[in-house]
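Throughout, a chain's letter reflects where its sequence line sits, starting with A, and its residues are numbered from 1.
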Amino acid sequence: MPELPEVENTRRGLEQVVLGKTIQTIDVFWENLIVFEDSIEGWIQRLVGQTIQSVGRRGKYLVFQLNNDLLVSHLRMEGKYFYFPEQTIPEEKEKHTHLIFHFTDGSQLHYHDVRKFGRFELIQKGYAPLFFQQKKIGPEPTAEAFDINSFTASLIQSKRAIKTYLLSQVPVAGLGNIYVDEVLWMSHIHPESRADILTIEQISLLHQSIIDIMERATALGGSTIRTYRNTLGEQGRYQDELQVYGKQGTPCPKCGTLIEKMKVHGRGTHYCPQCQNKVGEA
DNA sequence: TTTAATGTTCATGA
DNA sequence: TTCATGAACATTAA
């Protein structure tokens, strides 16, 4: 589940169930999910006894604030959380549950990830800004944080295809393969247009489309394209508003031309060959 | 059987 | 340095 709207809704769900919970122990069934320097046992011991003070988010990363550390969780393609109060804990864990947080009140938080691509990283409190700076995560796509002048300055430094550059998280955080296609369609920009030759008008429209679409998708609970569910098991509703993602062969809502699908940067890319004019070469 | 799937990260070579 | 490409990670479903 992956892009910012889905991660934000996961965060909101987690916030409702795990705040104030103290970690009693953790079962790790797939060690590769954990980024650790020493041993898994040491990693677990460092977390035991700590209480979840808040659940934050930066881009597509979840940040659990504990007493002494920050636990950073990235869901990658298929990561999900499921919470079970004491009386509802299943006899047997699901096949793809790879991590179980046992809390002192008897409840559990299960991390489920079919493809095992997700990652957990423990960092010291106060190191979040440095952590995200090293990952080159751009500003949040909100009206307050996403400055159009900085965005423009970033774009003119890249000769890459605009879709590729947006997926890098550098110019702005949180866009993935679904929303990047939506945003470019909304802005009438061809996915392979070079980032550095977009016009002021195009950048302005793109900037606003990113803010609007991310806000709208988040408000609707994200998009359930394949398997996304929030922590409460609910689907998103934004998939009903997708205009081009997965719509190849159907008429463009703006001009009626059939939506096409191509590969850009190895990713399936949906666009309208009529509305989205290619500028320069990518 | 083959391919593609909401994501990042690393190696290699231009 | 920068970027493109491909592979890796691992599993499922069409």
Look at the aromatic rings of [X] and [Y] and report parallel, tilted or perpendicular, splitting at 30° and 60°.
X: A:H207; Y: A:F146; value: tilted
X: A:Y81; Y: A:F64; value: perpendicular
X: A:Y179; Y: A:Y238; value: tilted

Of the nucleotides [options], which has the atom closest to the [X] side chain?
X: A:M77; options: B:dT9, C:dA10, B:dA5; answer: B:dA5
X: A:K261; options: B:dA4, B:dG7, C:dC3; answer: B:dA4
X: A:R115; options: B:dT8, C:dC3, C:dT11; answer: C:dT11
X: A:H265; options: C:dT12, B:dT9, C:dT5; answer: C:dT5
X: A:R76; options: C:dA10, C:dT12, B:dT8; answer: B:dT8
X: A:Q169; options: C:dA10, B:dT8, B:dG7; answer: B:dT8

Worksheet entry | Qualifying residue, where the test is side-chain contact (heavy atoms from CB on, under 4.5 Å) with A:I52 and the options are A:V18, A:T22, A:L71, A:L109 | A:V18
Can you tell me how far [atom2] of [N] sits from [atom1] of [X], to the nearest Å?
X: A:E6; N: B:dA5; atom1: CD; atom2: C1'; result: 14 Å
X: A:K80; N: B:dA5; atom1: NZ; atom2: C1'; result: 12 Å
X: A:K95; N: C:dT11; atom1: NZ; atom2: P; result: 8 Å
X: A:Y245; N: B:dG7; atom1: OH; atom2: C1'; result: 12 Å
X: A:I162; N: C:dC3; atom1: CD1; atom2: C1'; result: 15 Å
X: A:E78; N: C:dT11; atom1: CD; atom2: P; result: 12 Å
X: A:K135; N: B:dC10; atom1: NZ; atom2: C1'; result: 13 Å
X: A:E3; N: B:dT8; atom1: CD; atom2: P; result: 9 Å

Discussion item. I want to know whether A:H74 and A:Y61 have ring centres closer than 6.0 Å.
Written reply: yes
Discussion item. Suppose we call two aromatic rings close when their centres sit under 6.0 Å apart. Are A:H270 and A:Y245 close by that rule?
Written reply: yes
At 4.0 Å (heavy atoms only), tell me whether [X] reaches a base, stays on the sugar-phosphate, or touches nothing.
X: A:G266; value: nothing
X: A:K136; value: nothing
X: A:Y179; value: nothing

OP1, OP2 of [N] versus side-chain N and O of [X]: anything below 4.0 Å?
X: A:H98; N: C:dA10; answer: no
X: A:K60; N: B:dT8; answer: yes
X: A:H74; N: B:dG7; answer: no
X: A:R267; N: B:dA5; answer: no
X: A:K263; N: B:dT3; answer: no

Item to complete: Decide, applying a 5.5 Å centre-distance limit and a 30° plane-angle limit (both strict), whether A:F117 stacks on B:dG7.
Response: yes
Worksheet entry | DNA chain B base-pair string [pairs: Watson-Crick or G-U under 3.5 Å; |: paired with another strand] | .||||.||||||||
Worksheet item: Quick one: does NZ or CZ of A:K21 land under 6.0 Å from the six-membered ring centre of A:F101, within 45 degrees of the ring axis?
Response: no
Item to complete: Starting at NE2 of A:H188, measure out to NZ of A:K254 and round the result to the nearest 0.5 Å.
Response: 3.0 Å
Fill in: Gap separating the CG atom of A:L75 from the NE2 atom of A:H112, nearest 0.5 angstrom
12.5 Å
Worksheet item: Have A:K125 and A:Q53 got a donor and an acceptor in their side chains that come within less than 3.5 Å?
Response: yes
Worksheet item: Which of these passes salt bridge (Lys or Arg N to Asp or Glu O under 4.0 Å) with A:R57: A:E140, A:E6, A:E15?
Response: A:E140
Discussion item. Please list, in numerical order, the residues of residues 28-38 of chain A that have a heavy atom closer than 4.0 Å to any atom of DNA chain C.
Written reply: A:W30, A:N32
Fill in: Pairwise P distance, B:dT1 and C:dA10 [rounded to whole Å]
22 Å
